[in-house]
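Worksheet for the structure shown next.
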Protein chains: 2
Amino acid sequence: MKHDRTQPKPSIPDIVIGRLPVYLRTLRLLADEGREVTSSQELGEHLGISSAQIRKDLSHFGEFGKQGTGYNIDFLCRQLQKILNVDRIWPVMLVGAGSLGTAIANYQEFESSGFRIVSVMDEDPQKIGQPIGIGLVIENFATLQRRVQELGVQIAVMAVPAHAAQRVANQLVEAGLNSILCYAPITLAVPAHVRVEYIDPVVHFQHMTYYLRAE
Amino acid sequence: MKHDRTQPKPSIPDIVIGRLPVYLRTLRLLADEGREVTSSQELGEHLGISSAQIRKDLSHFGEFGKQGTGYNIDFLCRQLQKILNVDRIWPVMLVGAGSLGTAIANYQEFESSGFRIVSVMDEDPQKIGQPIGIGLVIENFATLQRRVQELGVQIAVMAVPAHAAQRVANQLVEAGLNSILCYAPITLAVPAHVRVEYIDPVVHFQHMTYYLRAE
DNA sequence: TAGATTGTTAATCGATTAACAATC
DNA sequence: TAGATTGTTAATCGATTAACAATC
């Protein structure tokens, strides 16, 4: 007997959302190979997960397959792109124009995935004004607030040294950004409305060495 | 009544192992700030997880704290380093000397975390022989097998284009490597004894945009 | 002693999987 | 029709959390 009228939680587990980009990536790879349909079983084998999990994950969002046949790859791609809101191009602000920042600015594949680096910033006067990436110029980090507004950016990538990361993050938050991809090896303190994801190769290396023994 | 004599599974959940590097990273940060002790509560607040989880995770490996006091940071760091096998330096092979590979080769902080890039390889004859990183020279990928043996490497980082990734991975496996950190946006097919971890910024971006609406 | 915090247990919560009716 | 595969349910499995005795 439910007397509670409020919708308790129709919300989809975050862990499911986290797998969708990987599904999408794999489907696009299959599409590139000229494939037109696939099955949860095939996808699962590709990804090393169970077909049941894939079907369950997708079932949170609708019915995308056909019994006996499987999934039309193009159709499922488009659906996943809609679900993930990457049926458009999101402008991204890159902070930090060092070696890593330069690599990120040079990366050509963001565009086809729904993202475009529209501005690169650094604090180093030596770097400000230098060209970077494709048609960009390193801008003064001091102009962050204004540029965020001008460009309508919500997402930032931080490629700055660890010692600068929290300070930079504070400024990003103050400038109104709500999504940060952080390459600095530090857990940031941010308000609850800001989402941060982390990329730290050392975390992966150390995870792997747990299972290794010296040769 | 257990009649089964075989140890069923004293093995520690992989998800627990995956958090240890983050704990270690945070503890070292606290140590750098001159702090000597911390508590599961403080750590949990830093990391946005519950203190119970931290205590439970650590309890898989022993007792590292003192009631009423908490954890000695230096001691816990050392213990975690031992557990993760990073109380030594692991040689790492970097494959791909493009923009991203160069950034990885330049990154100074691997050493203090237990890793050293000992060789950088590429297929491009234009690149082979060029200096990269600190005291390294880009080597011919064709010499992989020999170099892996000479250097006693078990771990590789792949910073190659997606279209080359599976082929490169096959060669890494053939050369005897068992741990791969893959920056290419593709799920690799490898034998069961090889562990692969992935870094793909697009996966993180797309995870974040699920929660965003256009401004 | 009083206060704080651990390590551990048991309960809760949530995620994965097996199985199968539906149906292409 | 026979074979294949979906979407979904219920069961299983595993991870997280709350709570607390132990004890520094």
Side-chain angles (χ1 to χ4, degrees), chain A residues 2 4 7-23 26-27 30 35-77 79-80 83 207 210, chain B residues 2 4 7-23 26-27 30 35-77 79-80 83 207 210:
Chain A
K2 287 207 175 174
D4 186 359
Q7 288 293 346
K9 265 189 189 171
S11 96
I12 291 143
D14 186 64
I15 198 166
V16 172
I17 309 300
R19 282 191 291 261
L20 300 187
V22 180
Y23 297 169
T26 306
L27 288 163
L30 289 173
R35 300 283 310 283
E36 298 207 335
V37 296
T38 187
S39 64
S40 58
Q41 187 175 8
E42 185 185 43
L43 270 179
E45 276 164 17
H46 256 272
L47 296 173
I49 61 184
S50 78
S51 62
Q53 179 161 83
I54 291 170
R55 293 199 302 280
K56 187 93 176 26
D57 283 355
L58 296 178
S59 76
H60 285 101
F61 304 96
E63 310 193 350
F64 306 115
K66 253 204 277 231
Q67 284 102 325
T69 310
Y71 301 93
N72 178 288
I73 292 174
D74 255 13
F75 176 73
L76 186 51
C77 275
Q79 295 304 307
L80 286 173
I83 292 165
H207 192 161
Y210 174 83
Chain B
K2 287 208 175 174
D4 186 358
Q7 287 294 344
K9 265 188 190 174
S11 94
I12 291 143
D14 186 64
I15 197 166
V16 171
I17 309 300
R19 282 190 291 259
L20 300 186
V22 180
Y23 297 169
T26 306
L27 288 163
L30 289 173
R35 299 285 309 281
E36 298 207 335
V37 296
T38 187
S39 64
S40 59
Q41 189 175 8
E42 185 185 43
L43 271 178
E45 276 164 18
H46 257 272
L47 295 172
I49 62 184
S50 78
S51 62
Q53 179 160 84
I54 291 170
R55 294 198 302 280
K56 186 96 180 19
D57 284 354
L58 296 177
S59 76
H60 286 100
F61 304 96
E63 310 193 351
F64 305 115
K66 254 204 276 231
Q67 284 102 325
T69 309
Y71 301 92
N72 177 290
I73 293 174
D74 256 13
F75 176 74
L76 186 51
C77 275
Q79 297 303 308
L80 285 173
I83 293 164
H207 192 160
Y210 174 81

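The chains referred to below are lettered A, B, ... by the order of the sequence lines, with proteins before strands, and numbering in each begins at 1. Quantities reported herein were computed from a predicted structural model and do not represent experimental measurements.
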### Query
Between residues 41-51 of chain A and DNA chain D, which residues have a heavy-atom gap below 4.0 Å?
none
### Query
Under 4.5 Å between any side-chain heavy atoms of B/Ile17 and B/Ile83, yes or no?
no
#### Entry: Under 4.0 angstrom between B/Arg55 side-chain N/O and C/dA4 OP1 or OP2
no
### B/Glu42 versus B/Val37, closest heavy-atom pair with distance
OE1-O, 4.3 Å
### Query
Yes or no on side chain to side chain contact (heavy atoms under 4.5 Å, CB included) for B/Leu30 and B/His46, after CA distance, side-chain angles and deciding distance?
CA-CA 10 Å; B/Leu30 289 173; B/His46 257 272; 3.9 Å; yes
### Message
With rounding to the nearest 0.5 angstrom, report the CG to CD1 distance, A/Leu43 to A/Ile73.
### Response
7.5 Å
### Message
Looking at D/dT5, I'd like to know if its phosphate oxygens (OP1 or OP2) sit under 4.0 Å from a side-chain N or O belonging to A/Thr69.
### Response
no
### Message
Measure CZ/A/Phe64 against P/D/dT8 and give the value in whole Å, please.
### Response
11 Å
### Query
Given side chains that start at C-beta, do those of A/Ile54 and A/Arg19 come closer than 4.5 Å, heavy atoms only?
no
### Summary
Separation of C/dT6 atom P from B/Ile73 atom CD1, nearest Å, is 12 Å
### B/Arg55: salt bridge (Lys or Arg N to Asp or Glu O under 4.0 Å) partners, not counting sequence neighbours
none
### Task
Give the nucleotide from the list C/dT17, D/dG7, C/dG7 with an atom nearest to the side chain of A/Ala52.
C/dT17
Give every pair of a protein N or O atom and an N or O atom of nucleotides 9-12 of chain C that lie under 3.5 Å apart, one pair per line with the distance.
none

#### Entry: Between CG on residue B/Leu80 and CG on residue B/Leu27, distance to nearest 0.5 Å
6.0 Å
## Note on the structure
Regarding the side chain of A/Ser40, the nearest nucleotide among D/dT6, C/dA15, D/dT16 is D/dT6
Restricting both atoms to N or O, compile the protein contacts to nucleotides 21-23 of chain D shorter than 3.5 Å, with distance only.
from	atom 1	to	atom 2	distance (Å)
D/dT23	O4'	B/Gln67	NE2	3.4

### Message
Tell me the interatomic distance from B/Phe61, atom CZ, to C/dT6, atom P, rounded to whole angstroms.
### Response
17 Å
#### Entry: Spacing of A/Leu76 atom CG relative to D/dT6 atom C1', expressed in whole Å
13 Å
#### Entry: Pairing stems for DNA chain C [at least three consecutive pairs; Watson-Crick or G-U; under 3.5 angstrom]
C:3-24 with D:3-24
### Task
Would you indicate whether the side-chain heavy atoms of B/Tyr23 and B/Ile49 approach each other to under 4.5 Å?
yes
### Task
Report the distance from atom CG of B/Asp57 to atom P of D/dT16, rounded to the nearest whole Å.
7 Å
### Message
Between A/Gln79 and A/Leu58, is there a side-chain heavy-atom distance shorter than 4.5 Å?
### Response
no
### Query
Any side-chain N or O of A/Tyr71 less than 4.0 Å from the OP1 or OP2 oxygen of D/dG7?
yes
### Spacing of A/Asp14 atom CG relative to D/dA15 atom P, expressed in whole Å
18 Å
### Query
Using 30° and 60° as the class limits, which term best fits the ring planes of A/Phe61 and B/Tyr210: parallel, tilted or perpendicular?
perpendicular
### Query
Starting at the 5' end of DNA chain C and moving along, which residue's nearest nucleotide shows up first, A/Ile15 or B/Lys66?
B/Lys66
### Query
Which distance, rounded to the nearest 0.5 Å, do you find between the OG of A/Ser40 and the CD of A/Glu45?
10.0 Å
### Task
Return the nearest nucleotide to the side chain of A/Gln53; candidates are D/dT16, C/dA19, C/dT16.
C/dT16
### Message
Tell me which pairs pass side-chain hydrogen bond (donor to acceptor under 3.5 Å, both in side chains) where either residue lies in residues 58-74 of chain B, with sequence neighbours left out.
### Response
none
### Task
Could you please spell out the steps behind the side chain to side chain contact (heavy atoms under 4.5 Å, CB included) verdict for A/Asp57 and A/Ile12?
CA-CA 9 Å; A/Asp57 283 355; A/Ile12 291 143; over 6 Å; no
### Query
For B/Leu58 and D/dT17, what is the distance between atoms CG and P respectively, to the nearest whole Å?
15 Å
### Query
How close or far is atom C1' of D/dT17 from atom CD1 of B/Ile54, stated in whole angstroms?
13 Å
